[in-house]
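Working notes for the structure below.
Since the structure is predicted, the reported quantities are computational estimates derived from the model, not experimental observations. Here is the naming used below: chain letters follow the sequence lines, and residue numbers restart at 1 for every chain.
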Number of protein chains: 2
Amino acid sequence: MGDVFKALADPTRRTILDELTERDGQTLFEICVRLTSRHQLSLTRQAVSQHLAVLEEAGLITTRKQGRYKFHHLDTTPLAAIFERWPVTRKGQAP
Amino acid sequence: MGDVFKALADPTRRTILDELTERDGQTLFEICVRLTSRHQLSLTRQAVSQHLAVLEEAGLITTRKQGRYKFHHLDTTPLAAIFERWPVTRKGQAP
DNA sequence: AGGATAGGCAAGCCGTCACTTGCCTGTCAA
DNA sequence: TTGACAGGCAAGTGACGGCTTGCCTATCCT
């Protein structure tokens with residue numbers, strides 16, 4: 001479970017999750033392009049690749065290889081464990 | 001929002017949140033004792049104090065000072081922003 | 001077949017972070 | 001009032017993390 005938070009601790013990785021939320025199943029180069037063109041993040045391909053490896057190890061993304069392409073898919077199920085551990089109490093909720 | 005994930009990235013801080021979930025409004029020394037006695041974590045008082053500062057800056061705990069005691073209270077409302085950003089899709093949920 | 005494309009592996013650099021050590025401030029009780 | 005208790009403020013150290021550089025493998029297209 002610690003891997004999930006470690007993965008989410010980096011702002012670039014959170015931006016990657018945002019990009020996959022908007023358009024799922026992107027490849028490494030697509031993510032690189034969108035990070036530079038839409039978020040002004042000029043990162044090396046290897047840097048993004050390492051970020052994706054961290055996200056995959058945390059279980060937040062799954063990969064599907066097809067030919068020479070590797071597509072990345074978002075998986076938010078690990079986030080559900082957060083709420084089971086520390087229930088979120090909003091205003092007006094019963095104590 | 002990045003402060004929340006940075007705060008949750010450390011296992012000791014997550015354990016502190018667990019302790020405050022079980023018993024809210026603890027003081028610094030109480031947390032120290034419970035970390036050592038129940039979680040086998042032998043940390044200095046200052047180390048725990050720094051962890052609490054990080055958690056407070058992230059908005060995950062609030063402090064209430066009374067005399068020479070300072071009580072720490074859990075606040076899980078920042079966690080709600082996680083689900084608003086990346087909706088958790090459980091199995092059997094409508095696409 | 002051969003070049004171009006998509007991606008992987010490994011070492012190195014630099015900043016941040018967790019933790020300690022040392023000392024100082026404020027509050028309560030005897 | 002003086003010590004004991006609860007907490008705070010730094011500065012220093014060692015390790016981990018993010019990023020780059022350089023090179024290598026695999027797949028597709030002409």
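- Atom-to-atom, CZ of B:Phe71 to P of D:dA6 comes out at 11 Å; the value is rounded to the nearest Å.
- Residues satisfying the side chain to side chain contact (heavy atoms under 4.5 Å, CB included) criterion with A:Thr27, sequence neighbours excluded, are A:Glu30.
- As rounded to whole Å, 13 Å separates atom C1' of D:dG8 from atom CG of B:Leu52.
- Judged as a salt bridge (charged side-chain N to carboxylate O under 4.0 Å, His left out), and not counting sequence neighbours, B:Asp3 has no contacts.
- Residues that satisfy the side chain to side chain contact (heavy atoms under 4.5 Å, CB included) test with A:Gln40, not counting sequence neighbours, are absent from this structure.
- Residues passing the side chain to side chain contact (heavy atoms under 4.5 Å, CB included) test with A:Thr63, sequence neighbours excluded: A:Glu56, A:Lys70, A:His72.
- Partners of B:Arg14 according to the salt bridge (charged side-chain N to carboxylate O under 4.0 Å, His left out) rule, which considers only residues two or more places apart in sequence or in another chain, do not exist here.
- Here side-chain hydrogen bond (donor to acceptor under 3.5 Å, both in side chains) pairs that include residues 44-55 of chain A, with residues two or more places apart or in two chains, are A:Arg13-A:His51.
- In this structure, the side chain to side chain contact (heavy atoms under 4.5 Å, CB included) partners of B:Phe71, at least two apart in sequence or on a different chain, are B:Arg64, B:Gln66, B:Tyr69, B:His73.
- Residues from residues 21-29 of chain A with heavy atoms under 4.0 angstrom of DNA chain D: there are none.
- Look at NZ on A:Lys70: it is 19 Å from C1' on D:dC28, rounded to the nearest Å.
- Closest approach of B:Pro78 to B:Gly59, counting heavy atoms only: CG-O, 3.3 Å.
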Exercise. Sugar-phosphate atoms are those with a prime plus P, OP1 and OP2; base atoms are the rest. Using that split, label each nucleotide of nucleotides 15-30 of chain C B, S or - for protein heavy atoms under 4.0 Å, 5' to 3'.
Key: --SSBBBB----BS--

